[in-house]
Amino acid sequence: MPALPDSFFDRDAQTLAKALLGKVIRHRQGDLWLAARIIETEAYYLTDKGSHASLGYTEKRKALFLDGGHIYMYYARGGDSLNFSAHGPGNAVLIKSAYPWQDARSGPNSLAQMQLNNPDASGKLRPPERLCAGQTLLCRALGLKVPQWDARRFDAERLYVEDCGSPVPKVIQATRLGIPHGRDEHLPYRFVDAEYARFCTRNPLRRGQVEGRDFFILEQGS
C-alpha cells in the first residue's frame with residue numbers, strides 16, 4: 001500500500017486525530033520494517049494552552065508551524081514522543097499509543113525486534129499488547145528518535161504512515177491525559193479506537209467512567 005500523502009495530514013487537528021486511528025506507522029530498522037497500528041491520538045492547537053505551540057515559535061518547535069505532514073518529536077517522561085503537524089500553524093496530533101501490526105511486510109521478525117527495542121524495567125520482553133501502550137513506549141518499540149526525525153517529512157524508504165484497510169467503527173472521545181491544571185485540561189481532544197481501548201495509555205472505558213460525562217462514543221469515526 002502507498003504511503004499516505006502530505007495532503008492527508010493537511011486538515012483540522014481533531015479531524016486528523018480521528019482519521020489516523022487504524023492507520024499503520026512503519027519504520028525501517030536495518031532490513032526489517034517495524035510496524036504499529038495507531039489506536040490513540042490527541043489533538044493540539046496553537047491557541048490551546050496545553051500545546052507546545054502556544055508557548056511560541058522556537059527552532060525546536062518549528063515543525064509545529066510547518067505544513068501538515070511534518071514530523072515533530074520531543075522528549076517526554078524520559079523518552080521520545082511522536083507528533084504530526086496538521087493544517088494551520090501550531091496545530092498537530094500526538095500519537096499517544098499503538099498496537100503491533102503484522103503482515104507480509106512486517107512479520108514475526110519485526111515484532112521480535114520491537115520487543116528487543118523495548119524491554120520492561122527488568123529487561124524481560126514485553127507482551128505485544130503492552131509494547132506501544134504509551135507515547136514513549138511506542139517510539140522505543142519502533143526505534144524512533146528525536147535527532148533522526150524531528151522537523152522532517154516522511155520518507156517512503158524509512159518512515160511513513162499507510163492505510164492498511166483496518167476500519168475503526170467506533171471512536172471514544174475524552175479529555176487528554178497529563179495536561180496541567182489551568183492549561184485547557186478540560187478540552188475533549190483525545191481519541192481512542194474503541195476496539196483497542198484496553199491497550200491504550202489509560203482505558204477510557206475503565207470502571208467508574210460514565211458515558212456522556214467522562215467520554216463520548218462517535219459511531220463510524222464521525
Side-chain angles (χ1 to χ4, degrees), residues 6 8-21 23 25 38-98 132-139 144-147 149-152 161 171-194 197 200-206 208-218 221-222:
D6 293 337
F8 175 89
F9 300 87
D10 190 25
R11 59 174 95 182
D12 172 78
Q14 288 184 76
T15 301
L16 177 59
K18 289 181 282 186
L20 281 166
L21 295 175
K23 304 303 186 289
I25 303 171
I38 299 171
I39 65 171
E40 179 185 12
T41 57
E42 291 182 347
Y44 289 87
Y45 294 91
L46 174 62
T47 56
D48 165 10
K49 294 177 183 178
S51 75
H52 289 190
S54 69
L55 301 175
Y57 178 93
T58 64
E59 186 65 16
K60 177 64 188 75
R61 302 186 196 114
K62 68 180 180 181
L64 293 174
F65 296 85
L66 297 174
D67 296 341
H70 278 84
I71 299 164
Y72 172 57
M73 293 193 70
Y74 64 89
Y75 297 109
R77 302 176 181 87
D80 308 80
S81 292
L82 177 68
N83 304 253
F84 304 143
S85 64
H87 179 75
N91 305 330
V93 173
L94 168 64
I95 309 303
K96 196 73 174 174
S97 61
C132 307
Q135 63 199 66
T136 59
L137 295 178
L138 164 66
C139 289
L144 296 172
K145 299 293 184 181
V146 171
W149 289 108
D150 184 42
R152 295 180 179 272
V161 183
V171 173
I172 300 167
Q173 182 175 4
T175 55
R176 295 169 301 187
L177 303 176
I179 304 296
H181 179 69
R183 302 293 295 179
D184 288 334
E185 71 278 6
H186 65 286
L187 296 174
Y189 291 168
R190 177 184 177 220
F191 301 94
V192 175
D193 181 342
C200 68
T201 308
R202 183 189 300 167
N203 188 350
L205 303 180
R206 66 190 182 281
Q209 298 299 289
V210 178
E211 183 177 359
R213 184 193 70 185
D214 303 301
F215 67 89
F216 300 91
I217 299 291
L218 309 178
S222 59

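Note that the coordinates shown come from a computational prediction; the quantities given were computed from them, not determined experimentally.
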Review point. Would a distance-only check, ignoring hydrogens and angles, find a side-chain to backbone donor-acceptor pair under 3.5 Å from S54 to L46?
Key: no
Study note, to complete from the structure: With sequence neighbours left out, the residues meeting salt bridge (charged side-chain N to carboxylate O under 4.0 Å, His left out) with K62 are E59
Exercise for review: Find the distance between CG (D193) and CD1 (I172) and round it off to the nearest 0.5 Å.
Suggested key: 8.0 Å
Practice item. Taking the side chain as every heavy atom from C-beta outward, state whether Y72 and D150 have any atom pair closer than 4.5 Å. Key: yes
Check your understanding: Between atom CG of D214 and atom CZ of R206, what is the distance when rounded to the nearest 0.5 Å?
Key -> 7.5 Å
Practice item. Check side-chain contact (heavy atoms from CB on, under 4.5 Å) between S97 and all other residues, then give those that pass, not counting sequence neighbours. Key: I39, E40, C200, T201
Check your understanding: Looking at NE2 of H87 and OH of Y45, how far apart are the two atoms once the value is rounded to the nearest 0.5 Å?
Key -> 10.5 Å
**Study point:** side chain to side chain contact (heavy atoms under 4.5 Å, CB included) between E185 and T175, worked out
**Key:** CA-CA 7 Å; E185 71 278 6; T175 55; over 6 Å; no
Point to revise | Side-chain donor/acceptor of Y44 to backbone N/O of Y189, under 3.5 Å | key: no
Point to revise | Main-chain N/O of G50 paired to D184 side chain as donor or acceptor, under 3.5 Å | key: no
Practice item. Would you please name every residue forming a ring-ring contact (aromatic ring centres under 6.0 Å, His included) with F84, sequence neighbours left out? Key: F9, F154
Review point. Is there a side-chain contact between I179 and L187 (heavy atoms, below 4.5 Å)?
Key: no
Point to revise | Ring-face cation contact, Y57 with R61, 6.0 Å cut, 45° max | key: no
Point to revise | Heavy-atom closest contact (L21 atom, V192 atom, distance) | key: CD1-C, 4.0 Å
Check your understanding: With no hydrogens and no angle check, is any side-chain donor or acceptor of R190 less than 3.5 Å from a backbone partner on E42?
Key -> no
Review point. Are any of the side-chain heavy atoms of F191 and Q14 separated by less than 4.5 Å?
Key: yes
Practice item. Kindly determine whether D67 and D6 satisfy side chain to side chain contact (heavy atoms under 4.5 Å, CB included), including the steps that lead there. Key: CA-CA 8 Å; D67 296 341; D6 293 337; over 6 Å; no
Practice item. Search all heavy atoms of A63 against all heavy atoms of S85 and return the closest pair with its distance. Key: O-CB, 3.5 Å
Exercise for review: Determine the minimum heavy-atom distance between F8 and L20, stating which atoms define it.
Suggested key: CE2-CD2, 3.8 Å
Check your understanding: How close do T41 and I38 get, heavy atom to heavy atom, and via which atoms?
Key -> CG2-CG2, 3.6 Å
Practice item. Return the minimal non-hydrogen interatomic distance between N83 and Y74, and the atom names on each side. Key: ND2-CE2, 3.1 Å
Review point. Where the side chain of S81 meets the backbone of Q135, is there a donor-acceptor pair that is under 3.5 Å apart?
Key: no
Review point. Just wondering, are more than 12 heavy atoms of other shown residues or ligands nearer than 6.0 Å to CZ in R183?
Key: yes
Exercise for review: State, yes or no, whether a side-chain contact exists between K18 and Q173 at a heavy-atom distance under 4.5 Å.
Suggested key: no
Review point. In Å, rounded to the nearest 0.5 Å, how long is the span from CG of N91 to CG of D10?
Key: 10.5 Å
Check your understanding: Closest heavy-atom contact between M73 and C139?
Key -> CE-SG, 3.9 Å
Review point. Should we count NZ of K60 as having more than 12 external heavy atoms under 6.0 Å?
Key: yes
Review point. Would a 4.5 Å heavy-atom cut-off, applied to side chains only, mark D80 and L144 as touching?
Key: no
Exercise for review: Could you tell me whether a side-chain N or O of D12 sits under 3.5 Å from a main-chain N or O of T15, the two making a donor and an acceptor?
Suggested key: yes
Practice item. Output the distance between atom CZ (F215) and atom CG (L205), rounded to the nearest 0.5 Å. Key: 5.0 Å
